[in-house]
Amino acid sequence: METNNPAVRPPKPSNYLALAIITTILCCQVTGIVSIIYAARVNELYERGEYAEAERASKNAKIWGLVGIGLFVVIMVVYLAIFGFAIFAEASNGDFNF
Amino acid sequence: MLALLALLLFFKVNPEGNTFFPKCPLHQHTGIYCSGCGSQRAIHDLLNGQLTEAASHNALLPLALLALFQHYSLKGMGLLRHPKTDKLRLWAENQKSWLTHRYAPLVILVLALGFMLLRNLPFESLEFLRP
């Protein structure tokens with residue numbers, strides 16, 4: 001049974017806030033924001049003593065954060081596949097100001 | 001390895017005026033600046049030690065990186081398992097990462113969304129927030 005008695009509080013589930021921030025910066029503002037919202041829910045639910053709900057919010061925060069990272073990887077792969085040759089051509093022309 | 005290469009690329013090449021850096025699709029299609037706009041330029045500036053330049057391209061990015069740095073360095077120190085580093089580990093374990101604060105997610109949410117809103121308001125005085 002869930003209880004508000006602090007003596008039997010389970011450990012607080014991670015809210016994956018760092019992951020959410022990385023996702024937001026890397027590419028995926030939308031999934032990052034969703035992940036941050038779930039992170040806020042984790043804290044809120046845990047403080048209210050709804051531990052099972054907090055656990056679920058934690059899972060969602062993680063999923064949305066990882067979706068963002070996954071999207072970033074996919075976008076990078078597609079981008080490199082399309083523009084990779086152009087980049088190398090530019091590099092071999094010496095257009096990079098190295 | 002890839003991350004190091006990417007850092008080197010961002011250090012050497014200024015995304016400004018280079019065509020091959022990926023552009024934000026949202027901005028290209030709608031003209032809206034999200035709160036991540038300008039972060040590639042800002043990373044380039046930071047790697048070259050130009051903090052004010054970085055902040056002018058994306059004011060939130062240095063803050064976000066600072067928070068992430070604090071979070072992960074505390075975490076990293078907490079993983080140390082050598083007796084010689086015990087003092088450092090114990091110190092790190094007693095420090096609180098800003099990101100674990102109860103209202104951290106809310107503050108970050110408000111910052112990110114507020115920043116995005118302000119960058120897109122059509123007032124000239126807000127020009128300094130745009131990338």
Side-chain angles (χ1 to χ4, degrees), chain A residues 11-48 54 57-58 61 65 68 71-91 93 95-98, chain B residues 2-3 5-6 8-9 11-14 16-27 32-40 42-43 58 60-75 97-116:
Chain A
K12 188 174 162 210
S14 170
N15 59 20
Y16 298 101
L17 188 54
L19 178 68
I21 295 175
I22 292 172
T23 293
T24 311
I25 294 176
L26 273 188
C27 75
C28 310
Q29 175 98 98
V30 180
T31 66
I33 295 284
V34 175
S35 185
I36 293 175
I37 292 173
Y38 275 116
R41 299 266 301 148
V42 172
N43 289 9
E44 203 46 51
L45 291 166
Y46 183 80
E47 291 299 326
R48 269 197 265 144
S58 166
L71 268 176
F72 174 69
V73 172
V74 169
I75 289 173
M76 278 330 263
V77 168
V78 170
Y79 185 82
L80 283 178
I82 296 174
F83 292 109
F85 288 111
I87 294 173
F88 283 118
E90 215 173 320
N93 283 340
D95 285 350
F96 274 171
N97 317 315
F98 273 103
Chain B
L2 268 177
L5 263 179
L8 184 70
L9 191 69
F11 172 60
K12 286 283 191 187
V13 187
N14 190 348
E16 193 134 38
N18 252 300
T19 45
F20 68 89
F21 280 90
K23 305 250 179 328
C24 173
L26 180 79
H27 178 63
I32 293 176
Y33 298 119
C34 69
S35 41
C37 277
S39 49
Q40 294 188 66
I43 288 174
N58 188 319
L60 279 190
L61 187 86
L63 289 178
L65 290 183
L66 186 66
L68 285 177
F69 175 75
Q70 191 244 13
H71 181 77
Y72 281 113
S73 49
L74 286 180
K75 244 187 167 174
S97 160
W98 299 325
L99 299 187
T100 57
H101 192 278
R102 190 185 154 187
Y103 293 111
L106 278 179
V107 169
I108 290 169
L109 189 67
V110 170
L111 274 179
L113 292 180
F115 186 51
M116 181 173 171

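Being a predicted model, the structure only gives us computed values, none of them experimental. Per chain, numbering begins at 1; letters A, B, ... match sequence-line order.
Remark: side-chain polar atoms of A:Asn43 are paired, donor with acceptor, to backbone N or O of B:Arg102 under 3.5 angstrom. The closest donor-acceptor contact from the side chain of A:Gln29 to the backbone of B:Cys34 lies at 3.5 Å or more, if one exists at all. Between the side chain of A:Ser35 and the backbone N or O of A:Ala61 there is at least one donor-acceptor pair closer than 3.5 Å. With B:Ser35 contributing its side chain and B:Met116 its backbone, the two residues share no donor-acceptor pair below 3.5 Å. Proximity of a side-chain donor or acceptor of A:Thr23 to a complementary backbone N or O of A:Leu19 within less than 3.5 Å is detected.
For B:Ala67, no part lies under 4.5 angstrom from a heavy atom of chain A. Contact annotation for B:Leu61: only side-chain heavy atoms (C-beta onward) come within less than 4.5 Å of a heavy atom of chain A. Contact annotation for B:Leu68: only side-chain heavy atoms (C-beta onward) come within less than 4.5 Å of a heavy atom of chain A.
Of the listed residues A:Ile25, A:Thr24, A:Asn15, the one with more heavy-atom pairs under 4.5 angstrom with chain B than any other is A:Ile25. Interface summary for chain A: among B:Ile43, B:Leu106, B:Leu99, the most heavy-atom pairs under 4.5 angstrom belong to B:Leu99.
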